[in-house]
Each structure stands twice: as structure tokens, then as C-alpha cells.
A.B. asks: 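One structure, as C-alpha cells, below. Some questions next.
Heavy atoms only: backbone and side chains are in, while hydrogens, waters and symmetry mates are out. Because the structure is a prediction, the values reported are computed rather than measured.
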Amino acid sequence: MRAMTIDESTKLLADNYIGRLGYISRGRGEIIPITYYYDPEQKSILTYSGQGGKIEAMRKNPLVTFQVDEISSLEKWKSVLLYGTFEELEGTDAKYILRLFSEGVKKAIKNKGIPCPDFIENFSSKSNSDAPIVYRINIDEINGRQRD
């Protein structure tokens, strides 16, 4: 096993679109899979959610972790773990980030040769009343490891 460089770690983030978000809720750690886009310009994770426990928990404690893996076998894998801060976006910023997220995820899915799900295709048709909560994870620290 060896440590990955920052460039290798951010490439793993950029090449994928599903990761696991860790946050504190009711005094304990929670980990859930989410769809995301790595924004190379802002060096952050972009994503969205409906209103609920996850968003309420991150509003109370914005410190989060995020992990992405590519696992081919027990002998060949890559994993990136990052520490960051939740930032909720609103208004025109949220609309712009949601469009950036949608285009980025579509590109990552296409690069893997997988059909794009309808929910990604239909973001632009959402009205303000059913618009998702858009947020960013500002990366404070990033660590990658791989075995090959």
C-alpha cells in the first residue's frame, strides 16, 4: 500500500460520482452514499439533498468527512478520504452549482459508459418549490491510499 499524491487523489474524485458522506447526527457518526461532482476550480465536492435529518445535522455541525473508492480486487484498490466543511448554497449560486453538478455527473457517468439516470437529466425542470438543497463540501484535508 502507498500514499497517493494530491493529483492522484483529486483524479480519483473527478473520475467518480458516488461517494460516502460522514457527518454527526444525534451525537453519533452517520455514513451514507451520495451522488457528487468534484469541482476542480473550487477544489470542493458539490451535491444536493432534500430537506431532512442529514441537512439539519450538517447545519448544526458542519464538519464532515467524505470517501470515494475504486476497488478492483483485494490486491488492487484506491481510496480517498477527505475532511471538509458543509456550506449550504442559495439563490443564483445554488442554481449555478446545481447545473455544474448535473453536467459534471453526466460527464463522469458517460466516461464510465453507463446510461444517465432520469433524475440527473431532469434537474433543470424543477420548480423553486421542489428545488433541492444544494451544498458544497469545502475540502480542508485530503488523503489517498492505493494498493496495486
A.B. asks: Decide yes or no for Ile133 and Arg59: does some side-chain heavy atom of the first lie under 4.5 Å from some side-chain heavy atom of the second?
C.D. replies: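 In contact.
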A.B. asks: Working to the nearest 0.5 angstrom, can you tell me the gap between Thr65 OG1 and Ile24 CD1?
C.D. replies: 8.0 Å
A.B. asks: Between Ser9 (side chain only) and Asn143 (backbone N and O only), is there a donor and an acceptor less than 3.5 Å apart?
C.D. replies: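 The answer is no, because no donor-acceptor pair under 3.5 Å joins these two groups.
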A.B. asks: Should Lys11 and Glu8 count as an ion pair when the cut-off is N to O under 4.0 Å?
C.D. replies: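 No salt bridge links Lys11 with Glu8.
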A.B. asks: Give the cluster check for Ile139 versus Val68: same hydrophobic cluster or not, with ILVMFWY residues linked at side-chain heavy-atom distances below 4.5 Å.
C.D. replies: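 They do share one cluster, since a chain of ILVMFWY contacts under 4.5 Å joins Ile139 to Val68.
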A.B. asks: Which donor-acceptor pairs under 3.5 Å do the side chains of residues 75-83 make with protein atoms, sequence neighbours left out?
C.D. replies:
{"residue": "Ser79", "atom": "OG", "partner": "Gln67", "partner atom": "NE2", "Å": "2.9"}
{"residue": "Ser79", "atom": "OG", "partner": "Asp69", "partner atom": "OD1", "Å": "2.5"}

A.B. asks: Under a single-linkage definition using a 4.5 Å side-chain heavy-atom cutoff for Ile, Leu, Val, Met, Phe, Trp and Tyr, are Ile55 and Ile97 assigned to the same hydrophobic cluster?
C.D. replies: no
A.B. asks: Would Val105 and Ile32 show up in the same hydrophobic cluster when neighbours are defined by side-chain heavy atoms closer than 4.5 Å?
C.D. replies: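 Val105 and Ile32: separate clusters.
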A.B. asks: So which atom in Tyr48 and which in Pro132 form the shortest heavy-atom distance, rounded to 0.1 Å?
C.D. replies: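 For Tyr48 and Pro132, the tightest heavy-atom pair comes out as CD1-CB, 3.5 Å.
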A.B. asks: So do Phe66 and Ile34 actually touch side chain to side chain, heavy atoms under 4.5 Å?
C.D. replies: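 Sidechains of Phe66 and Ile34: in contact.
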A.B. asks: For Pro40 versus Tyr37, what's the shortest heavy-atom pair and its separation?
C.D. replies: CD-OH, 3.6 Å
A.B. asks: Which atoms form the tightest heavy-atom contact between Arg145 and Met1, and what is the distance?
C.D. replies: CD-SD, 3.9 Å
A.B. asks: Is there side-chain contact between Thr35 and Phe101, with heavy atoms separated by less than 4.5 Å?
C.D. replies: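 Contact flag for Thr35/Phe101 side chains = yes.
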A.B. asks: With rounding to the nearest 0.5 Å, note down the distance linking CD1 in Ile137 to OG in Ser44.
C.D. replies: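 Answer rounded to 0.5 Å: 9.0 Å.
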A.B. asks: Would you say the side-chain atoms of Tyr36 pair up with the backbone N or O of Asn16, donor to acceptor, closer than 3.5 Å?
C.D. replies: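 Such a contact is found between Tyr36 side chain and Asn16 backbone.
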A.B. asks: Check whether Ile109 and Ile18 end up in the same hydrophobic cluster, where Ile, Leu, Val, Met, Phe, Trp and Tyr are linked by side-chain heavy atoms less than 4.5 Å apart.
C.D. replies: yes
A.B. asks: Working to the nearest 0.5 angstrom, can you tell me the gap between Arg26 CZ and Glu56 CD?
C.D. replies: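 Here the rounded value is 12.5 Å.
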A.B. asks: How would you list, by chain and number, every residue that makes a side-chain hydrogen bond (donor to acceptor under 3.5 Å, both in side chains) with Glu30, sequence neighbours excluded?
C.D. replies: Arg28
A.B. asks: In this structure, would Leu21 and Tyr38 fall into the same cluster of hydrophobic residues linked by side-chain contacts under 4.5 Å?
C.D. replies: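 Yes, one cluster joins them.
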A.B. asks: Using 0.5 Å steps for rounding, measure from the CG atom of Leu98 to the OG1 atom of Thr47.
C.D. replies: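 Rounded to the nearest 0.5 Å, the CG-OG1 separation comes to 9.5 Å.
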A.B. asks: Kindly say whether the aromatic ring centers of Tyr23 and Phe86 come within a distance under 6.0 Å.
C.D. replies: no
A.B. asks: Counting only N and O atoms by type, is there a donor-acceptor contact under 3.5 Å from the side chain of Thr10 to the main-chain atoms of Ile6?
C.D. replies: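 Yes; judged by distance alone, with no hydrogens or angles, the pair exists.
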A.B. asks: Below 4.5 Å, heavy atoms only, C-beta onward: do Asn111 and Asp15 meet side chain to side chain?
C.D. replies: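 No, their side chains stay 4.5 Å or more apart.
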A.B. asks: Say you draw a straight line from CG of Leu12 to CD of Gln146; how long is it, rounded to the nearest 0.5 Å?
C.D. replies: 9.0 Å
A.B. asks: Considering residues, nucleotides and ligands other than Arg20, do more than 12 of their heavy atoms fall under 6.0 Å from its CZ?
C.D. replies: yes
A.B. asks: State the CG-CG distance between Asn138 and Asp39, to the nearest 0.5 angstrom.
C.D. replies: 10.0 Å
A.B. asks: Do other residues, nucleotides or ligands put more than 12 heavy atoms under 6.0 Å from Ile31 CD1?
C.D. replies: no
